[in-house]
Amino acid sequence: MDLLALADFNLVARHGGFGRAARAAARPKATLFRRVAELEASLNLRLFERGGRALKLTEEGRALYERTGALLTELDETAAAIASGGDRPQGRLRISAPLLFSQIAMGKLAAEFAVKYPEVRLEITTEDRAVDMVEETYDLVIRVNPEPDESLVGRIFLRDRLVAVASPAVTRPRGNVVVPAVVRGAGDQSAVWDLTTSAGRSRVAVDTILRLSSMIMVRDAVRVGAGAARLPISLVSHDLAAGTLVHWGDVDGPEIALWTLYPSRRLLSARVSAFLEHLKEAFPKGTPDELAAYIGA
């Protein structure tokens, strides 16, 4: 496959038309049209729907664009790195991270990374949904307890656990007494919490009186005595140490594991490797205590 023709195809696809691509790259429109036509002929595929005013990718064209765009970018950046005399991290680094971790830690992590590697253009998107790394052009994704995906590889860099906490003003219930609860989102429908304490296992019946959209909001509501809540230990460890919140027990269930994920078929770029090392330096053991200390929670 002609890499120059492939690069011109990606240029046109990225800008959505031959004219816009020609103006952006200061290239003759006729040259781009000819190179794309040659690529289509060599592949025996139609890559664009040519009709009306809009230029649209065919299904085959979209597949080719999604699979080759990031690779061509990496080739360009690798060539630039070699020309500048090394593998110094540079270029754009796009990361998708979950809401809570972004709220409590990513701002500080991103700022420290930007100071350390000023030639990297870091972009962080906050979202809890599953993203398509290739289609959405992410270099790295951070997720909590992700589903297995054969197309991705990764590793755990932080571990946390849920604990039940409440203000000292909220009396811990005995027997079948129901306690008011604050929860995150509409999906938490639990009426009973199973907890593990130093004295053994226990169950707490709850009545949800408040639903909030973030763990930070839940913690703030619990601090002022709205009810009990299940929260990551890293988010409330300082409150527990100060006595502003009381530990009712550890929540039964799987641990909270934060993973870094990236496409398995791609070699790690210098910028991705640098960010992974940055996370390792921030959380060398990956414990909840390290995260609590880092965020000052």
Side-chain angles (χ1 to χ4, degrees), residues 89 91-118 120-147 149 152 154-163 165 182-188 211-223 229-239 254-263 268-269 271-297:
R92 187 180 71 164
L93 175 59
R94 295 195 73 225
I95 298 174
S96 172
L99 176 63
L100 179 60
F101 185 70
S102 296
Q103 289 176 326
I104 64 176
M106 280 303 281
K108 182 178 178 181
L109 283 166
E112 292 170 343
F113 186 82
V115 170
K116 193 183 301 184
Y117 301 105
V120 176
R121 296 296 173 258
L122 184 58
E123 299 176 13
I124 297 175
T125 301
T126 297
E127 52 203 345
D128 288 327
R129 67 179 179 86
V131 301
D132 186 320
M133 292 192 65
V134 175
E135 182 176 349
E136 300 179 55
T137 65
Y138 284 110
D139 300 291
L140 187 68
V141 168
I142 296 173
R143 282 295 175 266
V144 177
N145 297 346
E147 294 293 332
D149 188 333
L152 301 177
R155 63 192 185 204
I156 297 173
F157 72 95
L158 263 178
R159 299 178 189 273
D160 213 335
R161 71 179 191 277
L162 286 179
V163 293
V165 297
V182 184
V183 303
R184 176 181 179 264
D188 190 342
R211 295 184 182 275
L212 301 170
S213 62
S214 81
M215 288 292 193
I216 300 292
M217 295 168 67
V218 172
R219 182 193 62 184
D220 292 346
V222 172
R223 279 174 171 173
R230 296 179 297 184
L231 290 164
I233 184 70
S234 62
L235 195 61
V236 295
S237 62
H238 286 201
D239 289 281
E255 69 174 353
I256 302 170
L258 274 78
W259 288 71
T260 51
L261 303 168
Y262 42 88
L268 283 182
S269 66
R271 58 189 181 277
V272 172
S273 295
F275 195 85
L276 292 174
E277 185 61 29
H278 184 57
L279 289 175
K280 186 176 180 180
E281 291 174 359
F283 313 111
K285 296 181 180 178
T287 64
D289 288 344
E290 286 182 339
L291 178 56
Y294 186 82
I295 65 178

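In this text the structure is predicted, and so the values were computed from the model without any measurement.
- Considering only heavy atoms from C-beta on, Arg230 stays 4.5 Å or farther from Val163 through its side chain.
- Shortest non-hydrogen contact noted between Tyr294 and Ala282 is CE1-CB, 4.2 Å.
- Residues Arg121 and Leu93 have side chains not in contact (no heavy-atom distance under 4.5 Å, counting atoms from C-beta outward).
- Residues Asp160 and Ile233 meet the side-chain proximity criterion, which asks for heavy atoms closer than 4.5 Å.
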After noting the C-alpha distance and the side-chain angles of Thr125 and Ile95, does the key distance pass the side-chain contact (heavy atoms from CB on, under 4.5 Å) rule?
CA-CA 6 Å; Thr125 301; Ile95 298 174; over 6 Å; no
Decide side-chain contact (heavy atoms from CB on, under 4.5 Å) for Thr137 and Arg92; before the verdict, give the C-alpha distance in whole Å, the side-chain angles of both, and the deciding distance to 0.1 Å.
CA-CA 11 Å; Thr137 65; Arg92 187 180 71 164; 3.7 Å; yes
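- Side-chain atoms of Ile142 and Phe157, non-hydrogen and from C-beta on, do get closer than 4.5 Å to each other.
- Side-chain contact between Leu261 and Pro146 is present, with at least one heavy-atom pair separated by less than 4.5 Å.
- Between Phe101 and Leu109 there is a side-chain heavy-atom pair separated by less than 4.5 Å.
- Sorted by first and then second residue, the pairs that involve residues 272-284 and meet side-chain hydrogen bond (donor to acceptor under 3.5 Å, both in side chains), not counting sequence neighbours, are Lys116-His278, Lys116-Glu281.
- Scanning all heavy atoms of the two residues, the minimum distance from Ala97 to Met106 falls at CB-CG, 4.2 Å.
- The heavy-atom pair separating Ala274 from Pro89 by the smallest distance is CB-CG, 3.7 Å.
- Looking at residues two or more places apart in sequence or on another chain, you find a side chain to side chain contact (heavy atoms under 4.5 Å, CB included) between Glu136 and Arg129, Val131, Asp132, Tyr138.
- Considering only residues two or more places apart in sequence or on other chains, Asp289 meets the salt bridge (Lys or Arg N to Asp or Glu O under 4.0 Å) condition with none of them.
- Glu290 and Lys285 are not joined by a salt bridge, as no carboxylate oxygen comes within less than 4.0 angstrom of a charged side-chain nitrogen.
- One distance of note links CZ of Arg143 with CG of Leu258; it measures 10.0 Å at 0.5 Å rounding.
- Between Phe275 and Phe113, the ring planes are perpendicular. Angles over 60° get that label, and only those under 30° would be called parallel.
- At least one donor-acceptor pair under 3.5 Å links the side chain of Asn145 to the backbone N or O of Ala257.
- Of all heavy-atom pairs spanning Arg271 and Val120, the tightest one is CB-CG2, 4.2 Å.
- Here the side chains of Arg161 and Glu255 are not in contact, with every heavy-atom distance at 4.5 Å or above.
- Between the side chain of Glu127 and the main chain of Leu99, no donor-acceptor pair closer than 3.5 Å is present.
- Within the 4.5 Å cutoff, no side-chain heavy atoms of Arg159 are placed close to those of Ile256.
- For Leu162 against Pro232, the heavy-atom pair with the smallest separation is CD2-N, 3.6 Å.
- Between the side chain of Arg211 and the backbone N or O of Val182, no donor-acceptor pair lies under 3.5 Å.
- Listed here is the closest heavy atom pair of Ile156 and Leu158: CG2-O, 3.4 Å.
- For Ile216, the side chain to side chain contact (heavy atoms under 4.5 Å, CB included) partners at least two apart in sequence or on another chain are Leu100, Gln103, Ile104, Ser214, Arg219, Asp220, Leu235.
- For Thr287, there are no side chain to side chain donor-acceptor pair (under 3.5 Å) partners at least two apart in sequence or on another chain.
- Remark: Arg155 engages Thr260, Leu276 in a side chain to side chain contact (heavy atoms under 4.5 Å, CB included) (not counting sequence neighbours).
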